[in-house]
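Notes follow once the structure below has been shown.
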Amino acid sequence: MEHPIITIAELPQHVGRKVTLRGWVYNWRKKGKIRFVILRDGFGYLQCVVFRPEVPEPVWEAAVALTRESSLQITGVVAEDQRAPGGYELKVSDIVPIQIAPEYPIGKKEHGVDFLLNHRHLWMRSRRQHAILHVRAELEQAIRDFFHGRRYTLIDSPILTPAACEGTSTLFETEYFGEKAYLSQSGQLYLEPAAAAFGKVYCFGPTFRAEKSKTRRHLTEFWMVEPEVAWLRFDGLLDLIEEFLSEIVSRVLDRCSEDLERLERDITVLEPATRRPYPRLDYADAIAALADRGHPAEFGDDFGGDEETVLASLHDRPVLVTRYPTKIKAFYMEPDPGDPARALAVDVLAPEGYGEIIGGSERISSYELLERRIAEHELPRDAFEWYLDVRRYGSFPHSGFGMGIERCTSWLCGIHHAREAIPYPRTINRLYP
RNA sequence: UCCGCAGUAGCUCAAUGGUAGAGCGGGUGGCUGUUAACCACUAGGUUGGGGGUUCAAGUCCCUCCUGCGGAGCCA
């Protein structure tokens with residue numbers, strides 16, 4: 001056959017020509033001697049028109065036999081037509097069914113969350129889920145390009161670890177040749193030594209938290225990107241976060257307009273985030289701002305979801321909340337030289353109630369202080385000797401942050417729940433599919 | 001772990017303590033331009049499990065299971 005096999009994305013270049021496409025039946029409609037088959041091939045959707053008087057009877061019968069999500073190869077002439085969704089349609093001349101699907105579980109009307117998550121492997125075929133996961137993929141590529149373009153070295157951190165990285169969260173425990181091992185809850189500690197080896201590094205991988213969280217922002221397995229930079233001080237970290245966020249948001253807005261449109265995402269609320277600077281809010285000022293708005297909080301309190309939403313709503317773009325009290329932050333965070341009760345820590349709160357998408361800090365560079373903090377937090381010293389080595393052999397100021405991919409994707413897509421922002425969500429009571 | 005909500009047809013949901021229904025999906029038929037097409041007909045149920053109250057329980061009570069939402073924790 002001389003006609004080419006193409007994807008739906010390539011349609012505009014083949015108007016008036018005969019082509020073959022391969023894909024799945026997204027939906028079909030019939031009206032007498034006309035059948036409309038909506039083809040889905042992963043790149044788009046295409047209305048294919050089968051007109052009984054113009055095709056051989058076996059082709060008509062093949063069209064009649066098609067069910068939703070049956071796989072097929074279909075051939076016809078590409079035509080522009082205002083009546084077709086998307087503006088193009090295929091005047092079908094041949095159909096080769098590959099497999100006729102039985103009754104498809106996911107209907108055209110609404111479904112419940114539990115049902116959809118039980119069918120996540122099929123749900124991702126739907127337009128909305130396809131758009132979300134496509135945005136996620138673009139976001140991840142933007143992140144990799146951001147760091148690679150700035151000569152960061154990718155350091156893959158281990159998943160299996162001997163002990164708690166931060167000692168606070170619950171860890172998934174597993175058996176490792178007779179010893180206990182834990183699934184990593186952060187790659188950061190492993191990146192600090194790498195920063196001494198490569199200067200600028202980042203890791204990007206899955207992270208595990210065994211907390212029994214049941215909120216729209218939590219997953220037990222999620223993806224996190226964590227850069228770590230030698231010689232970077234706190235102010236420089238805040239600049240890096242701004243540069244990073246504004247660039248990746250711009251990239252997604254630039255390349256995912258169709259997806260965001262399908263998700264009915266209001267682009268104008270994301271656009272301010274493409275512009276610097278971002279507002280910076282000192283923790284003490286955040287406390288005061290909350291009190292003014294009927295959310296009394298005392299110095300030393302951490303912020304809950306409601307408080308985060310109030311603080312984020314003060315601005316039109318992500319807000320950097322800085323210099324939290326030392327005692328509510330991780331053991332490795334550098335104290336503020338001007339106020340040792342505060343840590344050089346930053347949380348980035350996304351607008352519209354999407355909450356904390358980034359957490360970062362300058363790290364302690366003093367061997368003695370880090371040693372003391374490990375003791376204060378009652379962490380097993382033996383398990384942290386290698387970490388102390390970073391301060392023992394050529395200690396240096398350094399900073400870094402971590403960003404949760406699902407929370408960022410949720411914010412960009414304007415979706416309700418982080419579980420839609422990951423292909424196969426893992427939550428407290430979901431390990432299937 | 002705590003608090004709240006829910007579980008009825010394949011799916012989404014109705015049903016004063018009194019004969020379990022609708023829409024979608026499936027099947028059959030009709031229609032030459034449909035846009036989650038429409039129209040007609042049709043099949044489809046141990047009302048999450050167990051126990052109790054009652055002449056009578058999808059409905060009220062107890063208990064267990066499962067799921068959802070929130071809190072804490074965090075990205």
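To find a chain, count down the sequence lines: A is the first, B the second, and so on, and within it residues start at 1. Atom set for the values below is all heavy atoms of this structure, side chains included, hydrogens, waters and symmetry mates excluded.
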Of the listed nucleotides ([options]), which one gets closest to any side-chain atom of [X]?
X        : options             : value
A/His111 : B/C11, B/A75, B/G33 : B/C11
A/Lys30  : B/C38, B/U34, B/A75 : B/C38
A/Arg29  : B/A75, B/U34, B/C74 : B/U34
A/Asn429 : B/U34, B/U32, B/C68 : B/C68
A/Lys214 : B/C31, B/G70, B/G67 : B/G70
A/Phe36  : B/G67, B/A75, B/G33 : B/G33
A/Lys31  : B/U32, B/C74, B/G33 : B/G33

Take atom [atom1] of [X] and atom [atom2] of [N], then tell me their distance rounded to the nearest Å.
X        : N     : atom1 : atom2 : result
A/His417 : B/G69 : NE2   : C1'   : 9 Å
A/Ile328 : B/G72 : CD1   : P     : 13 Å
A/Tyr432 : B/U66 : OH    : C1'   : 16 Å
A/Ile428 : B/U66 : CD1   : P     : 11 Å
A/Asp114 : B/G67 : CG    : P     : 7 Å
A/Lys33  : B/U32 : NZ    : P     : 5 Å
A/Tyr202 : B/A75 : OH    : C1'   : 18 Å
A/Phe222 : B/A75 : CZ    : C1'   : 4 Å

When all nucleic acid strands are considered with a 4.0 Å heavy-atom cut-off, which category describes [X]: base, sugar-phosphate, or nothing?
X        : answer
A/Glu406 : nothing
A/Gly107 : nothing
A/Met403 : nothing
A/Ile357 : sugar-phosphate
A/Arg127 : nothing
A/Leu219 : base
A/His119 : nothing
A/Gly355 : nothing
A/Asp347 : nothing
A/Phe115 : sugar-phosphate

Step by step, work out the side chain to side chain donor-acceptor pair (under 3.5 Å) result for A/Glu10 and A/Thr7.
-> CA-CA 5 Å; A/Glu10 300 164 310; A/Thr7 66; 3.3 Å; yes
Complementary nucleotide of [N], counting Watson-Crick and G-U pairs under 3.5 Å:
N     : value
B/U1  : B/A71
B/G17 : none
B/G29 : B/C39
B/G45 : none
B/C24 : B/G10

Does the [N] base have a donor-acceptor partner in the side chain of [X] within less than 3.5 Å?
X        : N     : result
A/Ser213 : B/C73 : yes
A/Lys91  : B/G33 : yes
A/Glu89  : B/G33 : yes
A/Thr215 : B/G69 : no
A/Arg216 : B/C68 : no

Do A/Glu247 and A/Ser250 have a side chain donor and acceptor closer than 3.5 Å?
->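 Not at all, the side chains of A/Glu247 and A/Ser250 share no donor-acceptor pair under 3.5 Å.
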A/Thr20 side chain to A/Gln73 side chain, donor-acceptor N/O pair below 3.5 angstrom |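 The answer is no; no qualifying pair exists.
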With [atom1] as the reference atom in both, quote the distance from [N] to [M] in angstrom, rounded to an integer.
N     : M     : atom1 : value
B/A20 : B/U47 : C1'   : 8 Å
B/G72 : B/C2  : C1'   : 9 Å
B/C60 : B/G7  : P     : 10 Å

Check for a donor-acceptor pair, side chain of [X] on one end and backbone N or O of [Y] on the other, with a separation under 3.5 Å.
X        : Y        : answer
A/Arg120 : A/Pro433 : no
A/Arg209 : A/Gln185 : yes
A/Glu242 : A/Tyr278 : yes

For A/Lys212 and B/U1, is the shortest distance between a side-chain N/O and OP1 or OP2 below 4.0 Å?
->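 So the side-chain polar atoms of A/Lys212 do come within 4.0 Å of the phosphate oxygens OP1 or OP2 of B/U1, strictly under.
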Below 4.0 Å: OP1/OP2 of B/G67 and any side-chain N or O of A/Asn118 |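 For B/G67, neither OP1 nor OP2 has a side-chain N or O of A/Asn118 closer than 4.0 Å.
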Salt-bridge contact A/Asp285-A/Arg280 (side-chain N to carboxylate O under 4.0 Å) =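 Salt bridge absent between A/Asp285 and A/Arg280.
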Full working for side chain to side chain donor-acceptor pair (under 3.5 Å) between A/Gln188 and A/Tyr332 = CA-CA 10 Å; A/Gln188 181 209 315; A/Tyr332 51 73; 2.9 Å; yes
Start with the C-alpha gap between A/Glu228 and A/Arg363, add the side-chain angles, then the distance that decides, and say whether salt bridge (charged side-chain N to carboxylate O under 4.0 Å, His left out) holds.
-> CA-CA 10 Å; A/Glu228 192 72 31; A/Arg363 323 304 191 188; 2.9 Å; yes
Toward the 5' end of RNA chain B, which comes first, A/Asp81 or A/Gly305, by nearest nucleotide?
->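 That would be A/Asp81.
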On RNA chain B, check which nucleotide each of A/Thr427 and A/Glu110 is closest to and give me the residue with the more 5' one.
->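 Looking at the nearest nucleotide for each, A/Glu110 comes out on the 5' side.
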